[in-house]
Q: 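Quick one: the structure is below, and I'll ask about it shortly.
Just so we're on the same page: letters track the sequence lines, and every chain starts at 1. Both backbone and side-chain heavy atoms feed into the values below; hydrogens, waters and symmetry mates do not.
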Protein chains: 2
Amino acid sequence: MIATAPVAAAGSRDLPHPAPEEIRLEGVLHALSDPLRLQIVRELAADADELSCSQFELPVSKSTTTHHFRVLREAGVIRQIYRGTAKMNGLRRDDLDDLFPGLLDSLLDAAARQAARHGGAETPGHDGGE
Amino acid sequence: MIATAPVAAAGSRDLPHPAPEEIRLEGVLHALSDPLRLQIVRELAADADELSCSQFELPVSKSTTTHHFRVLREAGVIRQIYRGTAKMNGLRRDDLDDLFPGLLDSLLDAAARQAARHGGAETPGHDGGE
DNA sequence: TGCGTACTACGAGAGTTATCGTACAAGCCG
DNA sequence: CGGCTTGTACGATAACTCTCGTAGTACGCA
């Protein structure tokens, strides 16, 4: 059997994702209650639809990064698919908006406000003011 | 011996609350990521401004109840004051709305949706007709 | 084919959390 | 005054989480 079948790319390694109805609010909140994961989600929401794990500059080891991405995926916050050796990450915005309308936006807005208030260095466009 | 109370004020026992600017989003999310605490907050939001700890029917011991209320208070989600032997609990809706506009509503709405989806027969608060 | 890159799995250690029971303090009421 | 209700404090324990390093797998490229 010669492996002439390209297999439509990324069919071999599938990652388990919770179905929309399996996503629990508590799980989402817990996933987002970690500063690192909240930051990941913020970048994911701000930058693009798909980012590979290695494009994040996180102050932790690779193992820990993998761990955090898995927590986010298993909570139903992000979607992960393999693309060659890279694993692309995308927010499950549609599913979350369907389950909890407005929640993700509020969460991201809250995170942006807090970042602007405390750091001021992150999140472009928002100029404090109080 | 005349027991002249050293400290007057209706409540000699004061509880420490975080100032608004000390409230962290991650802390709030973490506090709300526990099913028990999420339920407490839902009841608090639905029923009234002030409820004593004993008015909640939680499936845990008194010690654990105290613990959860403290977590909520220290995260800045609720406000607690003594009233005789009872400790009254109230949501810090104004502070939270000021810090994270719309977040609390989204959260409560999301929790209500999930409760309706999964249980349908949720105990907390008959919020006046439905 | 062999090498480098990207990510995972496993095991471990430190820290945190949830839960309990018991013992205790503060206020109300008869 | 004594007792009841309400909630706290203090251990203790089990479970979970975050973190790491090392070893290993999957894939692309020369």
Q: If you assign each of B/Q55 and A/H68 to its closest nucleotide in DNA chain D, which residue comes earlier from the 5' end?
A: B/Q55
Q: Quiz question: by atom type and distance under 3.5 Å, do the side chains of B/E43 and B/Q55 form a donor-acceptor pair?
A: no
Q: Can you tell me the distance, in whole Å, between the CG atom of A/L51 and the C1' atom of C/dA6?
A: 15 Å
Q: Across the strands shown, which category fits B/S52 at heavy-atom distances under 4.0 angstrom: base, sugar-phosphate, nothing?
A: sugar-phosphate
Q: Hey, is the side chain of A/T66 poking within less than 4.0 Å of OP1 or OP2 on C/dC7, counting only N and O atoms?
A: no
Q: To the nearest angstrom, how far is A/I81 atom CD1 from C/dC7 atom P?
A: 13 Å
Q: Please pick, from D/dT5, D/dC18, C/dA6, the nucleotide with the shortest atom-to-atom distance to any side-chain atom of B/T85.
A: D/dT5
Q: A/K62 NZ to D/dA26 P: how many Å, rounded?
A: 16 Å
Q: Select one nucleotide: of D/dT19, D/dC20, C/dC7, the one nearest the side-chain heavy atoms of A/S61.
A: D/dC20
Q: Can you tell me which nucleotide in C/dA18, D/dC18, D/dT22 comes closest to the side chain of A/S63?
A: D/dT22
Q: Describe the nucleic acid contact of B/S54 in one word from base, sugar-phosphate, nothing, applying a heavy-atom distance below 4.0 Å.
A: sugar-phosphate
Q: If only side-chain N and O atoms of B/R70 are considered, is one of them under 4.0 Å from the OP1 or OP2 phosphate oxygen of D/dG7?
A: no
Q: Strictly distance-based, threshold 3.5 Å: is any side-chain N or O of A/R117 a donor or acceptor partner for the main-chain N or O of B/L99?
A: yes
Q: Output the rounded distance in Å from CE (A/M88) to P (D/dA26).
A: 21 Å
Q: Among D/dC20, C/dT17, C/dG21, which nucleotide has an atom closest to any side-chain atom of B/H30?
A: C/dT17
Q: Using 4.0 Å as the upper bound for N to carboxylate O, is an ion pair formed by B/R83 and B/E50?
A: yes
Q: Under 4.0 angstrom, heavy atoms only, what part of the nucleic acid is A/H67 near: base, sugar-phosphate, or nothing?
A: base
Q: Is any side-chain nitrogen or oxygen of B/T64 closer than 4.0 Å to OP1 or OP2 of C/dC20?
A: yes
Q: C/dT19 C1' sits how many Å from B/L58 CG, rounded?
A: 13 Å
Q: For the side chain of B/T64 and the backbone of B/V60, is there at least one donor-acceptor N/O pair under 3.5 Å apart?
A: no
Q: In whole angstroms, how far is the P atom of D/dT5 from the OH atom of B/Y82?
A: 19 Å
Q: Taking atom types as modelled and ignoring hydrogens, do the side chains of B/S63 and B/T66 form a donor-acceptor contact shorter than 3.5 angstrom?
A: no
Q: Using a cut-off of 4.0 Å on non-hydrogen atoms, how would the nucleic acid contact of B/R83 be classed: base, sugar-phosphate, or nothing?
A: nothing
Q: Taking atom C1' of C/dA6 as reference, at what distance in whole Å does atom CD of A/Q80 sit?
A: 13 Å
Q: Tell me: CZ of B/F69 to P of D/dT6, nearest whole Å?
A: 14 Å
